[in-house]
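Note sheet for the following structure.
Atoms within a ligand are numbered from 1 in the order they appear, just like the ligands themselves. Fair warning: this is a prediction, and the values are worked out from it, not measured in the lab.
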Amino acid sequence: MPSLSMETLHDHHPVPHRLDKIEAESVAQVPDSHAWPAHAVHDYPSLDAPSESESVPIIDLSSASGDVVAEIGKACESWGAFQVVGHDAPAELLDSLESEARRLFSLPAHRKLRAAKPPGSITGYGLPPISSFFSKVMWSEGFTISGSPVDDARKLWPQDYARFCEVIEKYNKEMQKLAERLMRLKLLSLGLAGGFRNTTAVLQLNSYPVCPEPDRAMGLAAHTDSGLLTILHQSGAARGLQLLHSDRWVAVPPVRGALVVIVGDLGHVLSNGRFKSVVHRAVVNRIHHRISAAYLCGPSPGVRVSPVGNPADRAYRAVTWREYLGLRAEFFDKAIESIKINTDTEEKNGNGTGCCCAKQQNIAVCM
Ligand SMILES: O=C(O)CCC(=O)C(=O)O
Ligand SMILES: [Fe+2]
């Protein structure tokens, strides 16, 4: 068993020299810095073994029936998520991604810290990106990739970085294809033909070491994702992902070969509020070192996402992903409120120049 280490942070500034090291597997108790209050962990009841009717829907993309579009629309509206099977991403590629992520997180702490996220940067090794909004430390570590992984991979494996990069690049390509396909299907379910081209993405690798007291710790705190959609691959053995659905935390059990699709805030905006950007979190366990990989997909830079439908009925103003990320950094879970149009102002009818979708039903012109 590799020695898994978790870097902890006490004053939530992601500066490498302020990180202290805890050997997560060797501690018998969750230290105070990582102990979340019971009301935060148990804010809603958990449904750990949901029956089929209580579970997030599983949708088969290879199904010949024309219901796939309707199923996706319904899942996005009622759950803000679904699991997808019958996609073209090969199971071996998902396995390789997971084993490369395990190889990375099993490196000794001082090696991982060579690729620590510099302040102000989004790529590299460190605590989950949302950590700065919480005073308690999460029981996880992350590695964020945006664009080429080469520079950061070289810091981790000066000689032997090619294998990691090859897998990441293949995976990103496959996910981009799938994300663009899913976006077309989602738009169809909203009555629009069209799609997004040249989408951009961030790949977030997450590692959740085993935890001696899972009830007192938090793997990844409740949040929504910011982009159009997220495609999440979770490792097989352990449950961890939970979606907030009807005021309960509903577990999403890993299904071999399936990928979890999560509607992000921009997906909610695009649908003019019809699709839910679902609040989700990851919990930890005593036995399994869990890995997940979140492919967070957004429009290409500069493209403003604007709600579909009649401009007079828009509930949100148009935003680019970059602009929205700025609002998230400032307001976190209130960011979506900050772009809400409350009154019949000019904004509602305002110019949609550069928006990804045309204002008429049935045509979505996307750049
Ligand atoms: O690990 C998980 O299941 C959730 C990951 C996630 O939500 C994220 O990276 O945004
Ligand atoms: Fe997420």
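- Between Lys117 and Asp152 there is no salt bridge, since no side-chain N of the basic residue sits under 4.0 Å from a carboxylate O of the acidic one.
- Salt bridge status for Arg103 with Glu100: present, with a side-chain N to carboxylate O gap under 4.0 Å.
- With respect to atom 3 (O) of ligand 1, the closest heavy atom belonging to the protein is Arg290 NH2, 2.8 Å.
- Taking distance alone, with nitrogen or oxygen atoms compared against 3.5 Å, His280 approaches ligand 1 more closely than that limit.
- Protein-derived N/O/S atoms nearer than 2.8 Å to the Fe ion (ligand 2) total 3, waters excluded.
- The side-chain contact (heavy atoms from CB on, under 4.5 Å) test with Ile145 is passed by exactly one of Thr123, Ile168, Ile122: Ile168.
- Note on Lys173 versus Glu169: no salt bridge recorded, every NZ/NE/NH1/NH2 to OD/OE distance being 4.0 Å or above.
- Of the protein's non-hydrogen atoms, Leu220 CD2, 3.7 Å is the one closest to atom 8 (C) of ligand 1.
- Asn206 and Ser140 share no donor-acceptor pair across their side chains, judged by distance under 3.5 Å alone.
- Near Tyr208, meaning under 4.0 Å from one of its heavy atoms, ligand 1 places the atoms 1 (O), 2 (C), 4 (C), 5 (C).
- Side-chain N/O atoms of Arg328 and Thr224 include a donor and acceptor closer than 3.5 Å.
- A heavy-atom separation below 4.0 Å is found between His223 and ligand 1.
- Inspection of the Thr144 and Gln204 side chains reveals an N or O donor paired with an N or O acceptor under 3.5 Å.
- The shortest contact between atom 9 (O) of ligand 1 and any protein heavy atom is with Asn206 ND2, 3.0 Å.
- Close approach to Ala294 involves these atoms of ligand 1, each under 4.0 Å from a residue heavy atom: 8 (C), 9 (O).
- Contact annotation for Leu232 and ligand 1: only side-chain heavy atoms (C-beta onward) come within less than 4.0 Å of the ligand.
- In this structure, Glu77 does not pair ionically with Lys74, as no charged nitrogen and carboxylate oxygen lie closer than 4.0 Å.
- A heavy-atom distance below 4.5 Å is not found between the side chains of Asp215 and Val30.
- Residue Gln204 places no N or O, backbone or side chain, under 3.5 Å from any N or O of ligand 1.
- Contact check for Leu229 versus Val263: no side-chain heavy atoms found under the 4.5 Å cut-off.
- With no hydrogens or angles considered, no side-chain donor-acceptor pair links Ser300 and Asn198 at under 3.5 Å.
- With a 4.0 Å heavy-atom cut-off, ligand 1 is reached by the side chain of Asp225 but not by its N, CA, C or O.
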